[in-house]
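All values reported here derive from a predicted model rather than from experimental measurement. Heavy-atom basis, side chains included; hydrogens, waters and symmetry copies ignored. Below, read A as the first sequence line, B as the second, and so on, with proteins coming before strands; counting in each chain starts at 1.
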2 protein chains.
Amino acid sequence: MNPTQIRPAARFSPALNRLSKLARLDAAAHSALSDAIARPQVLRPRRDLLIEGRDVPHPQLILSGWAARVRILPDGRRQFLNFLLPGDLIGLYHHSRPVSPTTIVTLTEVTVCVPPAPGSHATLDEAYALSQALDEAHLLSQIARLGRMNAMERIGDLMLELHERLSLSDLTQGRSYELPITQETLADALGLTAVHVNRMLQAARRAGDLIWSTRSMTIPDPQQLARKVGRSPVRVLAP
Amino acid sequence: MNPTQIRPAARFSPALNRLSKLARLDAAAHSALSDAIARPQVLRPRRDLLIEGRDVPHPQLILSGWAARVRILPDGRRQFLNFLLPGDLIGLYHHSRPVSPTTIVTLTEVTVCVPPAPGSHATLDEAYALSQALDEAHLLSQIARLGRMNAMERIGDLMLELHERLSLSDLTQGRSYELPITQETLADALGLTAVHVNRMLQAARRAGDLIWSTRSMTIPDPQQLARKVGRSPVRVLAP
DNA sequence: CGCGAGGTTGATTGGGCTCAATACAAGTGG
DNA sequence: CCACTTGTATTGAGCCCAATCAACCTCGCG
């Protein structure tokens, strides 16, 4: 079956699911979101979704594919600041005339839409706020990762985070998930070189911690890996 | 003159100034903020302002002193995620029952107050949103710093950022500012060891880039240093 | 005067980088 | 169908930046 023939609501259900799980959307919010999703926009890989220093015209919701915030140093060194996955919001600010603090670039083919403006549905606003809080928590984790973890721990920790995040939008298959990025991209997210990431991934496989093959990642024992790298799950909500 | 005898509005003017500069506060917002500032709370160094995983009871505004978000790894490694300076807001979330993603600890004696709740003054909300956007931009910078800069660049870049931020609240004296933290604290913010920070600070002095003495930092030529470490100022607002 | 925190210095080690070559698969055009 | 290109992954050798370990110094302060 050709995936383009699937109804948007079904094709982009991961993004919808994520927001629905964050806050229980009422019928009106859900319907407004569905309407927005019905007007998707597709971008090829390596296209800019936002550009550092430019005005942010409106927020966007990732419906499918992977993107990343990126910062390039004057001499060409590149750092991916965080990954943006289906269900993630970008460019959502609450002040007037916002300017993007970073460029956001697509890593794969990406589908986005313009979500309902904040302030129209209380439950949706709650989902937006939660999404933003999660985003902040992930940035903080990224800082600790880069500042105080060694290469092996960084990789393990990030792979666990991605599993955690993707499972929120039902994009995991048990202990596996699609990881549609190159080792070089991974390196630029982890503050390492591609060569070293390659060696560490092999070491992780030998240790039975991570199995990477053909754009897919498997974590045989997430609990054990979490213990090994000293990771605790991200939480922003009281139980 | 004993500083405790100064009126709160004057003593804590740096924090007030910062928020006033972010958005032009109208009289009502300014007065509400002044009322809040009139009920300050003082904390000694090394006290927790928020604890990771615990409920956030209400937002807080730093009136004086330095604090930091911190993450401790199970084996004791410590990473300061960002510094919190006078005028910075903490624990401001827009969803119900927020939980703090990190512990926040005072580095010096710190004065805080509970700022007016969001939603009561439009200009104040604008200032809150801008403050939050700046905060996010600084987190992103911290990620690039840790991921892709060497020790010397990290130090220069952070010292420039602090100068930039402190000047927003008029806490700079020309090219100098008070830096009331130890080299070990700096090391934990920069993902380095205290020993190495010490060596690099000496090298920076020899190079004429930074002059650190008795808790005070001077940047003889900010422009030149910015060029040297490849830094561009943080902006979140269209001009 | 003794103590402790913070700062300084030297010697050594090592994790991750650099440079370089090779392998391999997917296109792509002749 | 093959030659060629391009992007990605892999492997090896050597080096360097920052960590580690260990003294020692300085100063404020009880």
Side-chain angles (χ1 to χ4, degrees), chain A residues 44-46 66 73 75-80 105-109 145-159 178-207 210-217 228-229, chain B residues 44-46 66 73 75-80 105-109 145-158 178-207 210-217 229:
Chain A
R44 330 223 79 237
R46 294 162 191 267
W66 285 42
L73 302 195
D75 67 352
R77 279 174 285 179
R78 182 172 70 166
Q79 177 68 43
F80 286 119
V105 63
T106 59
L107 301 174
T108 66
E109 181 172 293
R145 196 148 51 215
L146 295 176
R148 283 295 180 231
M149 289 187 177
N150 64 30
M152 200 57 148
E153 292 167 334
R154 288 185 207 182
I155 293 178
D157 188 67
L158 179 59
M159 293 308 112
E178 294 306 305
L179 186 64
I181 59 179
T182 67
Q183 293 183 359
E184 186 175 359
T185 301
L186 212 44
D188 283 344
L190 292 168
L192 301 169
T193 60
V195 171
H196 201 58
V197 165
N198 181 281
R199 289 192 234 266
M200 291 300 104
L201 280 174
Q202 291 178 56
R205 168 191 291 268
R206 268 181 260 118
L210 292 174
I211 301 167
W212 150 288
S213 62
T214 60
R215 314 245 128 171
S216 169
M217 177 61 69
K228 199 177 281 194
V229 304
Chain B
R44 329 222 79 236
R46 293 161 192 268
W66 285 43
L73 302 195
D75 66 352
R77 279 175 285 179
R78 181 172 70 166
Q79 176 68 42
F80 287 119
V105 63
T106 59
L107 300 174
T108 66
E109 181 172 293
R145 195 148 52 215
L146 295 176
R148 282 296 180 232
M149 289 186 178
N150 65 30
M152 200 57 149
E153 293 167 334
R154 288 185 207 183
I155 293 178
D157 188 67
L158 179 58
E178 294 306 305
L179 187 64
I181 59 178
T182 67
Q183 294 184 357
E184 186 176 0
T185 301
L186 212 44
D188 283 344
L190 292 167
L192 300 169
T193 60
V195 171
H196 202 58
V197 165
N198 181 282
R199 289 192 234 267
M200 291 300 104
L201 280 175
Q202 291 178 55
R205 168 192 289 268
R206 268 180 261 119
L210 292 174
I211 300 168
W212 150 287
S213 62
T214 60
R215 316 244 127 172
S216 169
M217 177 61 69
V229 305

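Residue Q202(B) places at least one side-chain N or O under 4.0 Å from the OP1 or OP2 atom of dT9(C). Listed pair N198(A) / dA9(D) fails the phosphate criterion, with no side-chain N or O lying under 4.0 Å from OP1 or OP2. Note on Q183(B): every side-chain N or O is 4.0 Å or more away from OP1 and OP2 of dA5(C).
In this structure, the CD1 atom of I155(B) is 11 Å from the C1' atom of dA18(D), given to the nearest Å. As a whole-Å value, the separation of L107(B) CG from dA5(C) C1' is 16 Å. For the pair R77(B) CZ and dT20(D) C1', the interatomic distance rounds to 14 Å; values are reported in whole Å. Separating the CG atom of D188(B) from the P atom of dA19(D) is a distance of 11 Å, rounded to the nearest angstrom. Atom P of nucleotide dC17(C) and atom CG of D75(A) are separated by 15 Å, given to the nearest angstrom. Between L201(B) atom CG and dA18(D) atom P there is a gap of 13 Å when expressed in whole angstrom units. As a whole-Å value, the separation of M149(A) CE from dA19(D) P is 17 Å. Distance CG (L146(A)) to C1' (dG16(C)): 14 Å, rounded to an integer number of Å.
Comparing the axis of the opening five pairs of the helix from dC1(C)-dG30(D) to dG30(C)-dC1(D) with that of the closing five pairs yields an angle of 30°, rounded to 10°.
Taking both residues in full, the closest heavy atoms of M152(B) and A204(B) are given as CE-N, 3.3 Å, listed atom of the first, atom of the second, then distance. Across all non-hydrogen atoms, the minimal contact from T193(B) to A187(B) is C-CB, 3.4 Å. Closest of all the heavy-atom pairs between R215(B) and P180(B) is NH1-O, 3.8 Å.
Where N150(A) and E184(B) each meet DNA chain C at their nearest nucleotide, the meeting point lying more 5' is that of E184(B). When each of I181(A) and R148(A) is assigned the nucleotide of DNA chain D with its nearest heavy atom, I181(A) is the one assigned upstream, toward the 5' end.
A salt bridge does not link R77(B) with D188(B): every distance from a Lys NZ or Arg NE/NH1/NH2 to an Asp or Glu carboxylate oxygen is 4.0 Å or more.
The closest side-chain heavy-atom distance from F80(A) to L186(A) is not below 4.5 Å. Between W212(A) and Q183(A) there is a side-chain heavy-atom pair separated by less than 4.5 Å.
Nearest to the side-chain atoms of R46(B) among the listed nucleotides dG6(C), dG16(C), dA11(C) stands dG6(C). Closest contact between the side chain of T193(B) and the listed nucleotides dG6(C), dA19(D), dA9(D) involves dA19(D). Considering only side-chain atoms of H196(A), the nucleotide from dA18(D), dC17(C), dA9(D) that sits closest is dC17(C). The side chain of V195(A) lies closest to dC19(C), out of dA19(D), dC19(C), dG16(C).
Judged purely by atom type and a 3.5 angstrom limit, E153(B) has no side-chain atom pairing as donor or acceptor with the backbone of R145(B).
Donor-acceptor pairing under 3.5 Å, judged by distance alone, is present between the side chain of R199(A) and the base of dG12(D).
Results of the side-chain contact (heavy atoms from CB on, under 4.5 Å) test with L190(A) over Q79(A), H196(A), M149(A), R154(A) single out R154(A) as the only residue that passes.
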